[in-house]
Undergrad: 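One structure is given below, represented as structure tokens, and several questions about it will come after.
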Amino acid sequence: MLFWHWKQGRSVDSKDICVDYTPLIQALSNKRLPHVAQELLFEMKSEGFLPNLSTLSALMLCYADNGLFPKAQALWDEIINSSYVPNIQIVSKLFDVYGKMRHFDEVTRILNQLSSRNCNFMHELYSLAISCFGKGGQLEMMENTLKQMVSRGFPVDSPTGNAFIRYYSIFGSLMEMEAAYGRLKKSRILIEEEGIRAMSFAYIKEKKYYRLGRFLRDVGLGRKNMGNLLWNLLLLSYAANFKMKSLQREFLEMVETGFSPDLTTFNIRALAFSRMSLFWDLHLSLEHMQHEKVVADLVTYGCVVDAYLDRRLGKNLDFALKKMNVDDSPLVSTDHFVFEALGKGDFHSSSETFLESRRNGKWTYQKLIEKYLKKKYRSNQIFWNY
């Protein structure tokens with residue numbers, strides 16, 4: 001009956017043997033109706049029509065997406081043992097489903113089946129399997145797949161090598177991560193931005209700032225294609241430990257080397273100055289920002305507000321803010337790795353809560369500061385009354 005309704009809306013010649021009803025299968029899958037899709041297949045076969053590869057692939061993915069893995073596996077075996085050759089797009093989608101459901105043994109089985117048939121997309125397939133295992137934290141399976149790929153004469157390309165770095169950064173130890181980075185260097189493959197960020201985050205998470213600095217220098221601070229990323233991370237490694245002389249020395253070196261400080265650069269320094277109550281340095285940094293035409297964000301304002309209120313200098317806050325555009329709409333443009341190392345200031349955190357409430361209409365920095373001062377005043381009153 002289902003196939004009859006579908007056939008009425010299509011011009012299907014009775015002489016046609018193979019038919020394609022992929023869109024219908026996909027629609028049934030999206031509606032979580034895999035059994036209806038299976039019934040449709042039976043009706044079609046009973047009428048003498050054979051599903052083409054696209055239809056079988058869609059049904060297999062329908063089973064997998066809906067958790068019917070034995071049926072998906074059986075249909076895969078039917079496809080692989082027929083004259084059909086599955087394409088890389090279908091295998092990629094299948095890997096994604098199995099990876100999300102942590103059926104990694106099935107990924108290995110499919111990889112081995114296709115490997116024995118010498119498919120013409122094996123290099124790409126190995127890369128997909130490595131990515132699937134890596135996303136799932138299966139580092140040993142990822143390693144074994146890489147070894148198998150290399151043993152078959154396929155080179156390790158930049159995306160695969162950098163993927164290794166990312167997954168070891170997330171799921172491995174620092175020693176394992178550094179070993180993976182060493183192998184990448186021996187392969188003469190440059191580590192790219194995602195890999196740099198992943199490794200840096202791993203060091204920051206473990207508070208290994210000296211090792212972070214050593215890694216950044218090894219990558220090469222002069223890499224222009226990374227923008228200010230490498231320098232900013234190096235400055236952060238000193239700011240996180242409040243090594244102020246080293247922070248200032250490296251900042252000057254950065255400028256002399258030809259890099260222009262950006263908002264993240266200034267805010268790394270401002271956060272360190274604020275926490276150390278170095279008001280003169282903080283004001284000089286704000287003037288430098290204005291000279292470079294770098295627009296302050298919520299983090300910058302937070303550095304000023306927190307520095308003054310922490311020292312009970314709230315009466316001088318207007319003087320500190322007079323050169324800043326307090327009527328601007330608040331935003332955060334600072335790179336988020338800064339917060340992983342230095343956290344968020346009290347004004348910053350409170351302001352985000354105010355902004356999320358979406359009350360009081362349009363917010364400005366001035367309104368946020370006034371709201372925050374009232375909050376601080378009330379909390380101080382409660383403290384002294386207690």
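Here the structure is a predicted model, which means the values were calculated and not measured.
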Undergrad: Given the rule that I, L, V, M, F, W and Y join up when any side-chain heavy atoms are under 4.5 Å apart, are Met324 and Leu331 in one cluster?
TA: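 Yes, same cluster.
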Undergrad: Is Met141 reachable from Val150 through a run of I, L, V, M, F, W or Y residues, each pair having side-chain heavy atoms under 4.5 Å apart?
TA: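 Per the 4.5 Å side-chain linkage, Val150 and Met141 are co-clustered.
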Undergrad: Identify the residue among Gln148, Glu124, His123 that makes a side chain to side chain contact (heavy atoms under 4.5 Å, CB included) with Phe154.
TA: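 Running side chain to side chain contact (heavy atoms under 4.5 Å, CB included) over Gln148, Glu124, His123 with Phe154 returns exactly one hit, His123.
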Undergrad: If Ile, Leu, Val, Met, Phe, Trp and Tyr residues are connected whenever their side-chain heavy atoms lie under 4.5 Å apart, and connections chain through other members, are Leu321 and Val295 in the same group?
TA: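 No, Leu321 does not connect to Val295 through the hydrophobic network.
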Undergrad: Grab the two heavy atoms, one from Arg223 and one from Ile191, that are nearest each other, plus how far apart they are.
TA: NH1-O, 2.9 Å
Undergrad: Is Arg183 paired with Glu143 through a side-chain N to carboxylate O contact shorter than 4.0 Å?
TA: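 A salt bridge is present here (some side-chain N lies under 4.0 Å from a carboxylate O).
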Undergrad: Between Lys322 (side chain only) and Leu317 (backbone N and O only), is there a donor and an acceptor less than 3.5 Å apart?
TA: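 No; judged by distance alone, with no hydrogens or angles, the pair does not exist.
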Undergrad: Check this for me: does any side-chain nitrogen of one of Lys344 and Glu352 sit under 4.0 Å from a carboxylate oxygen of the other?
TA: yes
Undergrad: Looking at Arg117, I want to see if its CZ is surrounded by more than 12 non-hydrogen atoms of other residues, nucleotides or ligands under 6.0 Å.
TA: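 Atom CZ in Arg117 is packed in, count exceeds 12.
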Undergrad: Might you confirm whether atom NZ of Lys224 has over 12 heavy atoms from other residues, nucleotides or ligands at distances under 6.0 Å?
TA: yes
Undergrad: Check for a donor-acceptor pair, side chain of Asn52 on one end and backbone N or O of Thr55 on the other, with a separation under 3.5 Å.
TA: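 Answer holds: yes.
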Undergrad: Please check if atom CZ in Phe242 has more than 12 non-hydrogen atoms from other residues, nucleotides or ligands closer than 6.0 Å.
TA: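 It does: Phe242 CZ has more than 12 such atoms within range.
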Undergrad: Between His283 and Glu287, does any side-chain donor sit less than 3.5 Å from a side-chain acceptor?
TA: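 There is no such pair between these side chains.
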Undergrad: Compare every heavy atom of Ser237 with every heavy atom of Leu212, then report the nearest pair and how far apart it is.
TA: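 That closest heavy-atom pairing would be CD2-CB, 4.0 Å.
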Undergrad: Check whether Ser115 reaches the backbone of Leu111 with its side chain - one donor and one acceptor, N or O, closer than 3.5 Å.
TA: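 Flag not set: sc Ser115 to bb Leu111 has no pair under 3.5 Å.
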Undergrad: Can you check whether Gly136's main-chain N or O pairs, donor with acceptor, with Gln138's side chain at less than 3.5 Å?
TA: yes
Undergrad: Once the angle between the rings of Tyr372 and Phe347 is folded into 0 to 90°, is it parallel (under 30°), tilted (30 to 60°) or perpendicular (over 60°)?
TA: perpendicular
Undergrad: Of all residues at least two apart in sequence or in a different chain, which pass the side-chain contact (heavy atoms from CB on, under 4.5 Å) check with Lys185?
TA: Tyr181, Asp218
Undergrad: Membership question, hydrophobic clusters at under 4.5 Å side-chain separation (ILVMFWY): are Leu229 and Val299 in the same one?
TA: yes
Undergrad: Mind running side-chain contact (heavy atoms from CB on, under 4.5 Å) on Asp310 and Asp346 for me, showing each step along the way?
TA: CA-CA 10 Å; Asp310 286 348; Asp346 192 57; over 6 Å; no
Undergrad: Tell me, do Tyr63 and Gln73 make a side-chain contact under 4.5 Å, heavy atoms counted?
TA: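 SC-SC contact between Tyr63 and Gln73 ruled out.
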Undergrad: Does atom CD of Glu194 have more than 12 heavy-atom neighbours, drawn from other residues, nucleotides or ligands, at distances under 6.0 Å?
TA: no
Undergrad: Can you see which heavy atom on Pro261 is nearest to which on Val255, and at what distance?
TA: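 Closest heavy-atom pair between Pro261 and Val255: CD-CG2, 4.2 Å.
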Undergrad: Should Phe354 and Lys375 be marked as a side-chain contact (heavy atoms from CB on, under 4.5 Å) after you check the CA-CA gap, both sets of side-chain angles, and the distance that decides it?
TA: CA-CA 11 Å; Phe354 299 150; Lys375 174 191 168 186; 4.2 Å; yes
Undergrad: Does the side chain of Leu59 come within less than 4.5 Å of Lys71's, by heavy atoms?
TA: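 Of all side-chain heavy-atom pairs linking Leu59 with Lys71, none is under 4.5 Å.
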Undergrad: Any ring pair (Phe, Tyr, Trp, His ring centres under 6.0 Å) pairs touching residues 260-279, not counting sequence neighbours?
TA: Phe266-His288, Phe279-Tyr308
Undergrad: I would like to know whether Thr334 and Phe339 meet side-chain contact (heavy atoms from CB on, under 4.5 Å); could you show each step before the answer?
TA: CA-CA 9 Å; Thr334 303; Phe339 311 131; 4.1 Å; yes
Undergrad: Side chains of Asp105 and Thr108: any donor to acceptor distance under 3.5 Å?
TA: no
Undergrad: Using the rule given for side-chain hydrogen bond (donor to acceptor under 3.5 Å, both in side chains), can you reason through Thr364 versus Asp328, listing the C-alpha separation, both sets of side-chain angles and the distance that settles it, and then say yes or no?
TA: CA-CA 5 Å; Thr364 62; Asp328 286 351; over 6 Å; no
Undergrad: Please report the C-alpha distance between Leu286 and Lys323 in whole Å, then the side-chain angles of each, then the deciding distance to 0.1 Å, and finally whether the side-chain contact (heavy atoms from CB on, under 4.5 Å) criterion is met.
TA: CA-CA 9 Å; Leu286 293 175; Lys323 291 184 179 181; over 6 Å; no
Undergrad: Between Arg275 and Leu342, is any pair of side-chain heavy atoms under 4.5 Å apart?
TA: yes
Undergrad: With heavy-atom distances below 4.5 Å as the criterion, would you say the side chains of Gln248 and Leu252 are in contact?
TA: yes
Undergrad: Say whether Asp335 and Asn232, considering side chains only, have a donor N or O and an acceptor N or O under 3.5 Å apart.
TA: no
Undergrad: How far apart are the closest heavy atoms of Ile130 and Phe164, and which atoms are they?
TA: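 Taking every non-hydrogen atom into account, CG2-CE1, 3.7 Å.
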Undergrad: Considering only heavy atoms from C-beta outward, does the side chain of Leu247 approach that of Met244 to under 4.5 Å?
TA: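 Yes, at least one pair of side-chain atoms sits under 4.5 Å.
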Undergrad: Are Lys93 and Asp65 side-chain neighbours, meaning at least one heavy-atom pair lies under 4.5 Å?
TA: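 With C-beta onward as the side chain, the pair stays apart.
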Undergrad: Show, in sequence, the C-alpha distance, side-chain angles and deciding distance for Glu106 and Arg109, and conclude whether the salt bridge (charged side-chain N to carboxylate O under 4.0 Å, His left out) test is met.
TA: CA-CA 5 Å; Glu106 190 60 24; Arg109 187 175 80 92; 2.6 Å; yes
Undergrad: Working to the nearest 0.5 angstrom, can you tell me the gap between Ile110 CD1 and Leu128 CG?
TA: 11.5 Å
Undergrad: Decide whether Gln113 and Trp76 meet the rule of one side-chain donor and one side-chain acceptor closer than 3.5 Å.
TA: yes
Undergrad: So how far is it from Met276 CE to Leu278 CG, rounded to the nearest 0.5 Å?
TA: 6.0 Å
Undergrad: Between atom OG of Ser350 and atom CD1 of Ile369, what is the distance when rounded to the nearest 0.5 Å?
TA: 12.5 Å
Undergrad: When rounded to the nearest 0.5 angstrom, what is the spacing between OG in Ser274 and CG in Asp281?
TA: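 If we round to the nearest 0.5 Å, Ser274:OG and Asp281:CG are 12.0 Å apart.
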Undergrad: What is the minimum heavy-atom distance between Trp363 and Pro330, and which atoms define it?
TA: O-CD, 3.2 Å
Undergrad: Would you compute the distance between atom CD1 of Ile204 and atom CE of Met199 and round it to the nearest 0.5 angstrom?
TA: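 Here the interatomic distance stands at 12.0 Å.
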Undergrad: Does a donor on one side chain and an acceptor on the other come within less than 3.5 Å for Asn325 and Tyr365?
TA: no
Undergrad: Should Leu230 and Leu190 be regarded as members of a common hydrophobic cluster, given that ILVMFWY residues are connected when their side-chain heavy atoms come within less than 4.5 Å of each other, either directly or indirectly?
TA: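 Different hydrophobic clusters.
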Undergrad: Return the CG to CD1 distance between Leu184 and Ile165, rounded to the nearest 0.5 Å.
TA: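 Taking CG in Leu184 and CD1 in Ile165, the distance rounds to 5.0 Å.
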Undergrad: Tell me, please, whether Phe251 has Arg269 positioned over its six-membered ring: NZ or CZ under 6.0 Å from the ring centre and within 45 degrees of its axis?
TA: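 Judged by the rule (NZ or CZ under 6.0 Å from the ring centre, within 45° of its axis), Arg269 counts as positioned above Phe251.
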Undergrad: Check this for me, if you would: do Arg217 and Glu250 make a salt bridge, where the nitrogen-to-carboxylate-oxygen distance has to be below 4.0 angstrom?
TA: yes
Undergrad: Taking atom CZ as the centre, does Arg152 end up with more than 12 heavy-atom neighbours from other residues, nucleotides or ligands that are less than 6.0 angstrom away?
TA: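 More than 12 heavy atoms, drawn from other residues, nucleotides or ligands, come within 6.0 Å of this atom.
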Undergrad: Which pairs count as side chain to side chain donor-acceptor pair (under 3.5 Å) when at least one residue sits in residues 154-165, sequence neighbours excluded?
TA: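 Sorted pair list: Ser127-Thr160, Asp157-Thr160, Ser158-Asn162.
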Undergrad: Under 3.5 Å, side chain of Ser82 to main-chain N/O of Tyr84, donor-acceptor pair present?
TA: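 Side chain of Ser82 to backbone of Tyr84: a pair is present.
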Undergrad: Which pair of non-hydrogen atoms, one from Phe95 and one from Cys132, has the smallest distance, and what is that distance?
TA: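 Of all heavy-atom pairs spanning Phe95 and Cys132, the closest is O-SG, 3.6 Å.
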Undergrad: Check whether Tyr203 forms a cation-pi arrangement with Lys208 (NZ or CZ under 6.0 Å from the six-membered ring centre, at most 45° off the ring normal).
TA: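 Because its charged atom misses either the 6.0 Å distance or the 45° angle limit, Lys208 does not stack over Tyr203.
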Undergrad: Regarding Asn267 and Thr264, is there a side-chain donor-to-acceptor distance under 3.5 Å anywhere?
TA: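 On atom types as modelled, these side chains do not qualify, holding no pair under 3.5 Å.
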